Amino acid sequence: EVQLVESGGGSVLPGGSLRLSCAASGRILRTFTMAWFRQAPGKERERVAVSYLRTDNHYYADSVKGRFIISRDISKSMLFLQMNSLKPEDTAMYYCAADSRLLLTSDVPDERDFPYWGQGTQVTVSS
């Protein structure tokens, strides 16, 4: 069974930072392609970042490139999303997702490619 549990969301001022965490088993962190998605009210779910195995060349949406960093810590069984220089348009529910396939950096999977999802954690950026 694959279980993903997000945490770390909250309310922050524009320009602030948050670090989201996604708890998963060590097996998943070692072998699955993982990603963060987000969904704002009234909008479609958006791919934010994808963490590929065996490389540091991860995917970032243009809207977050240079501000967000995706990483995984296998020793802690955690996937992280460090979010810096937050903007009001980053406000959304953030979801952790996992796929057992070993994807290449040339693959840019969308939400339909991820069978496993967490329950989400809310991020609100507002003054």
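Keep in mind that this is a model prediction, so the values were computed, not measured.
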| Under the side chain to side chain contact (heavy atoms under 4.5 Å, CB included) criterion, do T105 and Y59 qualify, and how do the steps go? | CA-CA 7 Å; T105 55; Y59 166 87; over 6 Å; no

| said: Donor-acceptor check, side chain of H58 to backbone of A49, threshold 3.5 angstrom: yes or no? | reply: no

| Is it true that F37 and F114 have ring centroids separated by less than 6.0 Å? | yes

| Looking only at heavy atoms, which two atoms of S17 and S85 are closest? And how far apart? | OG-N, 4.3 Å

| query | After noting the C-alpha distance and the side-chain angles of V125 and L13, does the key distance pass the side chain to side chain contact (heavy atoms under 4.5 Å, CB included) rule? | reply | CA-CA 6 Å; V125 185; L13 295 172; over 6 Å; no

| field | Linked, directly or transitively: V108 and L103 (ILVMFWY side chains, under 4.5 Å) | value | yes

| field | For the student: nearest non-hydrogen atoms of G9 and V123, plus distance | value | CA-CG2, 4.2 Å

| said: So F68 and S63, do their side chains get closer than 4.5 Å, heavy atoms only? | reply: no

| request: Evaluate the side-chain proximity of I70 to L79: yes if any heavy-atom separation is below 4.5 Å, no if none is. | output: yes

| task | Could you check if a side-chain atom of L53 sits within less than 4.5 angstrom of a side-chain atom of F32, using non-hydrogen atoms only? | result | no

| request: Check whether any side-chain heavy atom of P14 sits under 4.5 Å from a side-chain heavy atom of P88, and report yes or no. | output: yes

| Which pair of heavy atoms, one from S25 and one from S77, lies closest together, and at what distance? | C-OG, 4.1 Å

| field | Row check, W36 ring normal vs R47 NZ/CZ: under 6.0 Å, within 45° | value | no

| message | Can you give me the closest heavy-atom contact between R72 and I28, atom names plus distance? | response | NH1-O, 4.1 Å

| When rounded to the nearest 0.5 angstrom, what is the spacing between OG in S21 and CZ in F80? | 4.5 Å

| query | Looking at L4 and A24, what are the two nearest heavy atoms and their distance? | reply | CD2-CB, 3.7 Å

| task | For residues L20 and S7, determine if any side-chain heavy atom of one lies less than 4.5 Å from a side-chain heavy atom of the other. | result | no

| request: Just grab all the side chain to side chain donor-acceptor pair (under 3.5 Å) pairs involving residues 87-98, residues at least two apart or on different chains. | output: R38-D90, R38-Y94, R67-D90

| query | Between the main-chain N or O of S75 and the side-chain N or O of D73, is there a donor-acceptor pair closer than 3.5 Å? | reply | yes

| salt bridge (charged side-chain N to carboxylate O under 4.0 Å, His left out): pairs with one or both residues in residues 113-127, sequence neighbours excluded | R101-D113

| field | Distance in Å, R19 CZ paired with N84 CG, rounded so as to fall on 0.5 Å steps | value | 11.5 Å

| query | T31 and S100: side chain to side chain contact (heavy atoms under 4.5 Å, CB included), yes or no, with the steps? | reply | CA-CA 7 Å; T31 62; S100 61; over 6 Å; no

| Are side-chain heavy atoms of Y60 and V48 found at a separation under 4.5 Å? | no

| said: Please report the interatomic distance CE(M93) to OG1(T124), rounded to the nearest 0.5 Å. | reply: 9.0 Å

| said: Quiz question: by atom type and distance under 3.5 Å, do the side chains of D99 and T33 form a donor-acceptor pair? | reply: no

| request: Test side chain to side chain contact (heavy atoms under 4.5 Å, CB included) on C96 and M34 and set out the steps. | output: CA-CA 7 Å; C96 172; M34 302 192 73; 3.9 Å; yes

| Can you find a heavy atom in the side chain of L86 that is under 4.5 Å from one in the side chain of L18? | yes

| said: With clusters defined by side-chain heavy atoms of hydrophobic residues (ILVMFWY) lying less than 4.5 Å apart, directly or transitively, does I69 cluster with M83? | reply: yes

| task | For the residue pair Y116 and Q3, establish whether any side-chain heavy-atom pair is separated by less than 4.5 Å. | result | no

| request: Indicate yes or no for a side-chain donor-acceptor contact from Q119 to the backbone of E6 under 3.5 Å, with no hydrogens or angles considered. | output: yes

| message | Is there a path of hydrophobic side-chain contacts, each under 4.5 Å between heavy atoms of I/L/V/M/F/W/Y residues, joining L29 to M78? | response | no

| note | In this structure, CZ of R112 is separated from CZ of R45 (nearest 0.5 Å) by 13.0 Å

